[in-house]
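I have placed the structure first, in the form of structure tokens, so that the comments after it can refer back to it.
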2 protein chains.
Amino acid sequence: MGARNRPSSEPRVPLSRERVLRAAVAIADEGGVRALTMRRLAEQVGAEAMSLYHHVANKEDVLDGTVDLLIGEINEVVDRFDPPAEPADWKKAVRRRVLAAREILLRHRWAPALFETRSAVSPQVLRYHDGLIGLMRAGGFSHDLCHHALHALGSRALGFAQELFDPSGAGGGEESVAELEAMAERFPHLVGMLAEVAHDDPDSTLGWCDDQAEFEFGLDIILDGLDRLREAG
Amino acid sequence: MGARNRPSSEPRVPLSRERVLRAAVAIADEGGVRALTMRRLAEQVGAEAMSLYHHVANKEDVLDGTVDLLIGEINEVVDRFDPPAEPADWKKAVRRRVLAAREILLRHRWAPALFETRSAVSPQVLRYHDGLIGLMRAGGFSHDLCHHALHALGSRALGFAQELFDPSGAGGGEESVAELEAMAERFPHLVGMLAEVAHDDPDSTLGWCDDQAEFEFGLDIILDGLDRLREAG
DNA sequence: GGTCGTGACCTTACTCTGTAAGATCGCGGC
DNA sequence: GCCGCGATCTTACAGAGTAAGGTCACGACC
């Protein structure tokens with residue numbers, strides 16, 4: 001069944017690695033990586049599971065490919081950015097790139113976790129990092145400091161970092177007073193902090209934080225620290 | 001088969017959540033999370049797969065449990081640390097904890113990737129972070145700055161961060177001269193940096209870095225940045 | 001001591017996964 | 001008209017998680 005007795009009226013767009021990978025991203029966007037199975041992927045492109053293997057080596061290849069595709073999207077965007085007017089603007093330029101990457105990855109929440117499971121280095125990731133090094137070099141970094149910088153940034157360079165408390169997780173804000181008191185006994189500092197932070201921000205419930213602000217806070221600490229090292233170096 | 005006609009001479013140690021989780025860690029240590037299946041886990045504890053379900057809810061629960069177990073190990077170690085002699089020593093104390101956590105996690109390479117897939121917050125993780133906040137509070141941090149600090153540290157707080165280039169991945173150092181030249185054309189800054197960094201360290205091949213040093217470099221940038229903010233704040 | 005409930009454990013079976021092997025289909029070149 | 005060949009589909013299999021129900025040992029009660 002499926003495409004067996006295909007009416008000749010439907011022209012059948014041919015499969016391709018590109019089309020398969022785009023479909024994979026679409027499926028993951030909708031249902032997470034868990035939903036991305038070869039059969040589901042085949043269905044999405046109007047084919048049978050085994051037909052996919054003429055365009056991708058296996059499922060690992062699909063996962064590698066989707067990562068590459070997404071970073072490629074990021075590269076397309078950041079490549080259009082103007083180079084910094086002054087060398088000293090390296091920090092602004094790097095910051096802008098990272099935040100652009102983050103913006104794209106936020107549309108694919110499943111991607112960061114997937115990235116960390118890839119062992120093969122994607123060419124697009126290499127290209128992205130190459131661009132960052134270029135900016136830092138122009139800003140006065142030694143090669144050595146560039147190298148350290150990439151390590152210091154880690155996944156933050158690509159616009160993500162493990163979010164501390166995921167609000168989508170275990171029931172948000174349904175804690176009873178008794179449960180909260182029990183928590184306060186076991187984790188006094190944590191509950192104290194959350195009580196105060198939540199008070200400052202009335203929208204905030206236990207475990208909710210402004211991801212974007214926190215991300216930028218961490219990013220700025222690192223960039224500022226690197227800038228100081230560069231000046232001293 | 002299996003435990004069916006068990007001779008009464010063998011006393012049969014009873015299953016328990018604890019024993020199952022410890023076995024799970026052992027299997028993952030040996031063969032990675034991929035090797036951790038319910039059947040393999042049952043075999044390890046001398047039972048049948050379905051018997052495990054009397055002690056754990058399902059496989060997700062096993063994974064959650066192993067995470068909790070490992071962080072519990074970390075907490076046992078860091079809880080024995082003396083509190084800092086002077087408030088200003090918060091940085092040393094936090095640094096010491098993080099590096100202790102890292103040391104333990106380095107013995108379970110599969111764990112970091114697993115952590116990032118857990119949505120439920122482990123009580124042991126809460127306890128660990130609670131301790132960090134305690135140190136920072138004693139060192140003069142506002143609750144707000146503690147909060148930012150945890151976000152800035154991210155997974156680094158627990159002693160890991162995505163390693164940039166995994167040397168175990170795609171063939172280390174077998175690049176031909178032609179391939180290297182092709183790479184240099186596509187990624188000039190990256191290849192330039194690696195050439196120089198590798199030159200400084202003759203042990204280093206393309207893609208190899210001193211993880212521990214890089215980790216501490218990044219950690220120190222963040223801790224120094226936080227210290228400056230605390231003083232200014 | 002018999003019996004009976006209760007859980008720990010095992011057996012079987014089902015659905016879903018990735019993918020190997022081979023059949024079939026359709027189109028371009030002779 | 002025929003052939004060759006690559007793209008596609010069909011079938012099948014091993015291994016995953018786990019639902020449903022059977023079995024068996026042990027402690028509580030009469």
Side-chain angles (χ1 to χ4, degrees), chain A residues 1-24 27-28 30-67 110 114 117-120, chain B residues 1-24 27-28 30-66 110 113-114 117-120:
Chain A
M1 83 190 51
R4 182 148 44 196
N5 32 17
R6 175 187 306 279
S8 57
S9 63
E10 281 190 30
R12 146 148 39 205
V13 310
L15 244 45
S16 72
R17 179 180 174 87
E18 169 91 11
R19 210 159 79 78
V20 168
L21 294 182
R22 290 207 182 282
I27 292 172
E30 194 167 344
V33 248
R34 288 285 302 274
L36 179 52
T37 72
M38 295 304 273
R39 296 194 209 307
R40 174 78 188 78
L41 184 50
E43 186 188 355
Q44 182 89 1
V45 296
E48 298 298 317
M50 289 312 291
S51 305
L52 303 174
Y53 286 82
H54 280 266
H55 305 275
V56 296
N58 48 37
K59 186 169 182 186
E60 279 296 287
D61 189 29
V62 171
L63 298 178
D64 286 343
T66 59
V67 166
W110 47 273
L114 182 59
T117 68
R118 304 296 86 200
S119 53
Chain B
M1 80 189 55
R4 181 145 44 192
N5 31 16
R6 174 189 305 280
S8 57
S9 63
E10 280 189 34
R12 139 136 61 198
V13 309
L15 244 47
S16 72
R17 180 180 174 87
E18 169 90 10
R19 211 158 80 78
V20 168
L21 294 182
R22 290 207 182 282
I27 292 172
E30 194 167 344
V33 248
R34 289 285 301 274
L36 178 52
T37 72
M38 296 304 274
R39 296 190 200 334
R40 175 77 187 79
L41 184 50
E43 185 188 355
Q44 182 89 359
V45 296
E48 298 299 318
M50 289 311 292
S51 306
L52 302 174
Y53 286 82
H54 281 267
H55 304 276
V56 296
N58 48 36
K59 187 169 182 185
E60 280 296 287
D61 189 29
V62 171
L63 298 178
D64 286 344
T66 58
W110 48 273
L114 182 58
T117 68
R118 304 297 86 202
S119 53

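Note on naming: letters A, B, ... go to the chains in the order of the sequence lines (proteins, then strands), and numbering restarts at 1 for each one. Just the heavy atoms: all of them, side chains too, but no hydrogens, waters or symmetry mates, feed the values below.
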Problem - Side chains of W110(A) and R34(A) in contact at under 4.5 Å (non-hydrogen atoms) - result: no
Exercise for the section: Compare all side-chain heavy atoms of H54(B) with those of L15(B) and state whether any distance is below 4.5 angstrom. Expected result: no
Problem - Rounded distance in Å - CD (E43(A)) to P (dG18(C)) - result: 13 Å
Problem - OP1 or OP2 of dC9(D) under 4.0 Å from side-chain N/O of S51(A) - result: yes
Problem - L63(B) vs L36(B) side-chain heavy atoms within contact, under 4.5 Å - result: yes
Handout entry: Separation of dC9(D) P from L41(A) CG (nearest whole Å)
Key = 13 Å
Practice task
Considering only NZ, NE, NH1 and NH2 on the basic side and carboxylate oxygens on the acidic side, decide whether R39(B) and E43(B) come within less than 4.0 Å.
Solution key: no
Exercise for the section: Measure the distance from CD on E48(A) to C1' on dT24(C) and round it to the nearest whole Å. Expected result: 13 Å
Practice task
Return yes when atom CZ of R118(B) has more than 12 non-hydrogen atoms of other residues, nucleotides or ligands closer than 6.0 Å, and no otherwise.
Solution key: yes
Output a table of nitrogen or oxygen pairs between the protein and nucleotides 15-21 of chain D separated by less than 3.5 Å.
{"from": "dA16(D)", "atom 1": "N7", "to": "R39(B)", "atom 2": "NH2", "distance (Å)": "3.3"}
{"from": "dG17(D)", "atom 1": "OP1", "to": "K59(B)", "atom 2": "NZ", "distance (Å)": "2.7"}
{"from": "dG17(D)", "atom 1": "OP2", "to": "M38(B)", "atom 2": "N", "distance (Å)": "2.9"}
{"from": "dG17(D)", "atom 1": "N7", "to": "R39(B)", "atom 2": "NH1", "distance (Å)": "3.4"}
{"from": "dG17(D)", "atom 1": "N7", "to": "R39(B)", "atom 2": "NH2", "distance (Å)": "3.4"}
{"from": "dG17(D)", "atom 1": "O6", "to": "R39(B)", "atom 2": "NH2", "distance (Å)": "2.8"}
{"from": "dT18(D)", "atom 1": "OP2", "to": "Y53(B)", "atom 2": "OH", "distance (Å)": "2.7"}
{"from": "dT18(D)", "atom 1": "OP2", "to": "K59(B)", "atom 2": "N", "distance (Å)": "3.0"}
{"from": "dT18(D)", "atom 1": "O5'", "to": "Y53(B)", "atom 2": "OH", "distance (Å)": "3.4"}
{"from": "dT18(D)", "atom 1": "O4", "to": "R39(B)", "atom 2": "NH1", "distance (Å)": "3.1"}

Problem - Heavy-atom neighbours of R22(A) CZ exceed 12 at 6.0 Å - result: no
